[in-house]
Protein chains: 2
Amino acid sequence: MTLDREQVLRSAAALLTRKSTATMDEVARAAGIGRATLHRHFAGRDALVRALEELGIQEFEAALDAARLDEDTSEEGLRRLIAAVEPSAGLLSFLVNENQLFEGDEVNEGWNRADARVAAFFRRGQERGEFRIDLTPAWLTEALYGLVGTGAWAVQAGRVAAQDFPYMIVELLLGGARRSVEQ
Amino acid sequence: MTLDREQVLRSAAALLTRKSTATMDEVARAAGIGRATLHRHFAGRDALVRALEELGIQEFEAALDAARLDEDTSEEGLRRLIAAVEPSAGLLSFLVNENQLFEGDEVNEGWNRADARVAAFFRRGQERGEFRIDLTPAWLTEALYGLVGTGAWAVQAGRVAAQDFPYMIVELLLGGARRSVEQ
DNA sequence: CCCACTTGAGACAAAATCGTCTCATCGCCA
DNA sequence: TGGCGATGAGACGATTTTGTCTCAAGTGGG
């Protein structure tokens, strides 16, 4: 009975998304395994979080690839990115919060890579005249993370229908709340 | 030497905003008092967090009052709200995250009051034709919280200049990232 | 000036969590 | 079928945090 490491990580992500302070015991029970087994595969809580970080980065970079940010318009690229990132939204939200705890000492370079890609996407959109230039790429990047996390939370709390997740995020991020004259 | 309860709460808020897992000892030292004194004024960590919750709700409702959301256009009201909420952004962000841990069992009704006011503000803006109707008031409310928290974090992490905080949030929330034809 | 009140520092036990270990059990493969 | 490897359950000690208590020191008001 080989333990499904991926499955364990996914249930841990699902639990920690809801309750970021869950204990190792809770994580183990959520995965349907014993605490000893959890420790056999992840040396400790740090190792578990780091494994989740690897998974999250991997999923996020896969989403960045799948979004084909260079093709079509920036708007279409952003729509594809949000849609591709949706399944990982909860995990990414957890990891973003977790990273805020670190003193910036040792952030996984994967985040820097991903950040750079997202920021470059916004900068390219600005250069193309598709995005406003008065909002910095760094802020747009952070705002994207924040809205994805907020969206995941809103869906989980039942404040937003799951099917509306991509639409709500993309529309707000692209067009804002103001009712513009053009539509 | 009467202990300045307000001052203690503010330094606790400042610390917990950066490190939400700070211990009672760290909170006490950050406030420049002994741990025993901290316990004399707040029975425990829960009591401290609840006191911070009261403070945060009070500040948020004060910001809602100061923003005079009924006057002028919705856009001006939102600008005033974000500006008024800026000093409390870190604390509110901490409390929002903290509330996500609760199982919805006993949320302070103050949040419901505040939520209702914000959602009503967006709904009113929609009825006036100033806000889009395809984004629900509930989502706009959550997005506002999320962006305020993200903004506070971005400023603290040095990714956004503190002076740009209100502008970045309001502009993104109102107009989005898309460069519209009208400007 | 003196006393009552508050504080800071530290000791102390209780509780929570962690990490490790043992042992019995179970499934799978040779 | 027999043995090997992995698992679950739980015991155990170590560590961290918490909450309480004591005691000496200091401050301010009467």
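Residue numbering restarts at 1 for every chain, and letters A, B, ... go by the order of the sequence lines. The structure presented is a predicted model; accordingly, all values stated were derived computationally and were not measured. Computed over heavy atoms, backbone and side chain alike; hydrogens, waters and symmetry mates excluded.
With sequence neighbours left out, the salt bridge (Lys or Arg N to Asp or Glu O under 4.0 Å) criterion links A:Glu127 to no other residue. In this view, B:Arg68 and B:Glu71 satisfy the salt bridge (Lys or Arg N to Asp or Glu O under 4.0 Å) rule, not counting sequence neighbours. With sequence neighbours left out, the salt bridge (Lys or Arg N to Asp or Glu O under 4.0 Å) criterion links A:Glu171 to A:Arg79, B:Arg132.
In the set C:dT17, D:dT18, C:dT7, D:dT18 carries the atom at the smallest distance from any side-chain atom of B:Thr23.
Close to D:dA6, at under 4.0 Å from its OP1 or OP2, lies no side-chain N or O of A:His41. The side chain of B:Thr37 contributes an N or O atom lying less than 4.0 Å from OP1 or OP2 of C:dG8.
Residue pairs that meet the side-chain hydrogen bond (donor to acceptor under 3.5 Å, both in side chains) test with at least one member in residues 143-161 of chain B, sequence neighbours left out, are A:Glu142-B:Arg159, B:Asp115-B:Tyr145.
Taking atom CZ on B:Arg5 and atom C1' on C:dT6, their separation rounds to 16 Å, with Å as the unit. The nearest whole Å value for the distance from the CG atom in A:Asp25 to the C1' atom in C:dA15 is 15 Å. Per the geometry, CZ belonging to A:Arg29 stands 13 Å off P belonging to C:dC18, to the nearest Å. The nearest whole Å value for the distance from the CG atom in A:Asp4 to the P atom in D:dT7 is 11 Å. At whole-Å resolution of the value, CD1 in A:Ile33 and P in C:dT25 are 22 Å apart.
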Donor-acceptor list for residues 81-98 of chain A side chains, cut-off 3.5 Å, not counting sequence neighbours:
unit_1  : atom_1 : unit_2  : atom_2 : d
A:Ser88 : OG     : A:Glu59 : OE1    : 2.6

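You'll find the side chain of A:Val118 stays beyond 4.5 Å of the side chain of A:Leu140, heavy atoms only.
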Detail all sub-3.5 Å separations between protein N/O atoms and N/O atoms belonging to nucleotides 19-25 of chain D.
unit_1 : atom_1 : unit_2  : atom_2 : d
D:dG19 : OP2    : B:His39 : NE2    : 3.3
D:dG19 : OP2    : B:Arg45 : N      : 3.4
D:dG19 : N7     : B:Arg35 : NH1    : 3.0
D:dG19 : O6     : B:Arg35 : NH2    : 2.8

